[in-house]
Amino acid sequence: MTLEKAKEKLVKYGQEHVLRYYEELSPEEKQALLAQIEATDMSIPEACKRKEELSRKGNITPLAAMEISEIEANKDSFVATGLEAIRAGKVGAVLLAGGMGTRLGSDNPKGMYNVGLTRELYIFECLMNNLLEVVRQADAWIHLFVMTSDKNHDVTVQFLKEHHFFDYKEEYVHFFQQEMAAATDYEGKIYLEEKGKLSTSPNGNGGWFVSMKNAGLLDLVHKNGIEWLNVFSVDNVLQRIADPCFVGATIQRNCAVGSKVVRKSAPDEKVGVMCLEDGKPSIIEYYELTEELMNAKDEKGDPAYNFGVILNYLFRESDLELMMEQNMPLHIVEKKIPYLNDAGELVKPESPNGYKFESLVLDMIHQMDSCLPFEVVRSKEFAPIKNKTGVDSVESARALLQENGVVL
Ligand code: UTP
């Protein structure tokens, strides 16, 4: 992109300030900045002017989950169906590892965190071990797609290679990078992180399928006959991946997506819960749940919005292709964003100073026609690591790993 064209684009979106150090840059840095300006979707920061409108919800009604008693009663049949699909190569797994893990506060990607006490046990290793259990049970390898971002790609790939993918078969592991989005101040002005670089951050976990497509991986999906993609987060070390019972139940119920859920520990627990929104499956965030919804009861007298999502979804791949054309809603998140001040010095703020723009995987559920919320035992399958200490932390996850017989 020429400087003239870049100026034109920046003026249109009120972002000319990002060129303020342009004359100080080397020719290569100038080229890099112009290329970044060309590649950046400048309409995104405008979303902060429509903040209210973006968070509006439709009409919320309950969506019943398949509860543990029902799952237990049908377990053999679900497992048989799931194993059959896995052996036929119809199931792939997608690890979302592009996040910044700012709450954990480690400089490395979250998956590289060592949760071991007397030995090394990395988060990536826990996940590989969990998936390997299914590989052994099915006696079939499962393609594993790993999403990284510009901020952590090289170090993630290098780490997994150095550790020989923790015994996972390398040819079944495929990396792809998610897209980045510009970060802004509260007025929607894009920050600079260097004199020749816009401040960017990963664009949320909702773009994973589009990013997989952009990376050319759908060819591999089609060639291998993969019909289901189990997408899961990096930070739940007890996560069951490609769980045959879950796969079988979703297939037998003929749902477009299955969603693993846990029974809430309290009505005001801070998890998103499954529901119907304007008649379609959806997830309502805890801060959107009104008192009335929080206390609503179903026909059995149980809380009507009682099942929280744990970021483990099984999507029918063909349905994902159909929804790709639809726009995902944007979420505007307040974050601490390192930036260059007026003196051209890098500032690392102690408290939030602006917005990041993200799309979220949970919004993909609302694009689907049907969803099976599938209850799992919390203490066996849910040990998220978000923080260093306290709730959802390294400490709480270690305790749960030990409770499940993992030597730390
Ligand atoms: P979180 O919402 O916990 O975000 O991600 P995070 O960036 O990892 O952590 P904080 O909020 O900065 O502390 C849930 C899952 O989605 C992935 C994460 O890697 C994690 O597996 N994710 C998140 C992405 O892959 N890309 C993103 O842009 C954001």
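Predicted model, so just to flag it, every value in this text is computed and none were measured. Heavy-atom basis, side chains included; hydrogens, waters and symmetry copies ignored.
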| said: Using the rule side chain to side chain donor-acceptor pair (under 3.5 Å), only one of Gln177, Gln178, Glu179 pairs with Ser211; which is it? | reply: Glu179

[X] side chain to [Y] backbone, donor-acceptor under 3.5 Å:
X	Y	answer
Glu227	Lys90	no
Asn404	Ser379	yes
Asn236	Leu238	yes
Gln326	Met323	no
Lys5	Leu34	no
Asn152	Thr148	no
Glu288	Glu285	yes
Arg119	Val407	yes
Asn205	Gly98	no
Arg378	Arg263	yes

Donor-acceptor pairs are to be reported for all side-chain atoms of residues 35-43 against protein atoms at under 3.5 Å, with residues two or more places apart or in another chain.
{"residue": "Gln36", "atom": "OE1", "partner": "Leu198", "partner atom": "N", "Å": "2.8"}
{"residue": "Gln36", "atom": "NE2", "partner": "Leu198", "partner atom": "O", "Å": "3.3"}
{"residue": "Thr40", "atom": "OG1", "partner": "Gln36", "partner atom": "O", "Å": "2.6"}
{"residue": "Asp41", "atom": "OD1", "partner": "Ser43", "partner atom": "N", "Å": "3.0"}
{"residue": "Asp41", "atom": "OD1", "partner": "Ser43", "partner atom": "OG", "Å": "2.6"}

Nearest 0.5 Å, please: how far is [atom2] in [Y] from [atom1] in [X]?
X	Y	atom1	atom2	value
Glu170	Leu160	CD	CG	9.5 Å
Lys169	Asp167	NZ	CG	12.5 Å
Ser370	Arg316	OG	CZ	6.0 Å
Ser199	Leu192	OG	CG	8.5 Å
His143	Glu171	NE2	CD	9.0 Å
Met294	Asn306	CE	CG	12.0 Å

Less than 4.5 Å apart, any side-chain heavy atom of [X] and any of [Y]?
X	Y	answer
Phe145	Ile226	yes
Arg240	Cys245	no
Thr156	Phe124	yes
Leu320	Met368	yes
Leu289	Tyr286	no
Val406	Leu121	yes
Leu144	Phe175	no
Tyr13	Ile190	no

Shortest non-hydrogen contact from [X] to [Y]?
X	Y	result
Ile310	Gln239	O-OE1, 4.2 Å
Gly354	Ile337	C-CD1, 3.6 Å
Gly308	Val271	CA-CG2, 3.8 Å
Leu340	Glu193	CD2-O, 4.0 Å
Val79	Gln137	CG1-NE2, 4.1 Å
Leu276	Pro281	CD2-N, 3.7 Å

Residues, nucleotides or ligands: over 12 heavy atoms within 6.0 Å of [X] [atom1]:
X	atom1	answer
Glu67	CD	yes
Glu350	CD	no
Asn341	CG	yes
Lys280	NZ	yes

| field | Worked verdict on His17 versus Gln15 for side chain to side chain contact (heavy atoms under 4.5 Å, CB included) | value | CA-CA 5 Å; His17 61 281; Gln15 304 285 1; 3.0 Å; yes

| task | Output, in order, the C-alpha distance, side-chain angles, deciding distance and verdict of salt bridge (Lys or Arg N to Asp or Glu O under 4.0 Å) for Lys213 and Glu321. | result | CA-CA 9 Å; Lys213 176 176 182 275; Glu321 294 200 30; over 6 Å; no

Could you tell me if [Y] and [X] have a donor-acceptor pair between their side chains, going purely by distance under 3.5 Å?
X	Y	value
Tyr186	Glu334	yes
Tyr122	Glu120	yes
Ser233	Asp235	yes
Asn230	Asn312	yes

| query | So among Thr81, Leu83, Val91, which one has a side chain to side chain contact (heavy atoms under 4.5 Å, CB included) with Pro244? | reply | Leu83

| request: Carefully, step by step, assess Val376 and Phe382 under the rule side chain to side chain contact (heavy atoms under 4.5 Å, CB included). | output: CA-CA 9 Å; Val376 298; Phe382 191 44; 6.0 Å; no

| query | Mind checking whether Phe357 and Tyr355 have parallel, tilted or perpendicular rings, split at 30° and 60°? | reply | perpendicular

| task | Answer yes when Asp392 and Arg103 have at least one side-chain N-carboxylate O distance shorter than 4.0 Å, and no when they do not. | result | no

| Salt bridge Arg87-Asp139, side-chain N to carboxylate O under 4.0 Å | no

| Stepwise, does the side chain to side chain contact (heavy atoms under 4.5 Å, CB included) test hold for Leu104 with Val394? | CA-CA 9 Å; Leu104 185 60; Val394 179; 3.7 Å; yes

| side chain to side chain contact (heavy atoms under 4.5 Å, CB included) between Val231 and Phe315, intermediate numbers included | CA-CA 8 Å; Val231 58; Phe315 285 96; 3.5 Å; yes

| When the ring centroid of Trp208 is compared with that of Phe176, is the distance short of 6.0 Å? | no

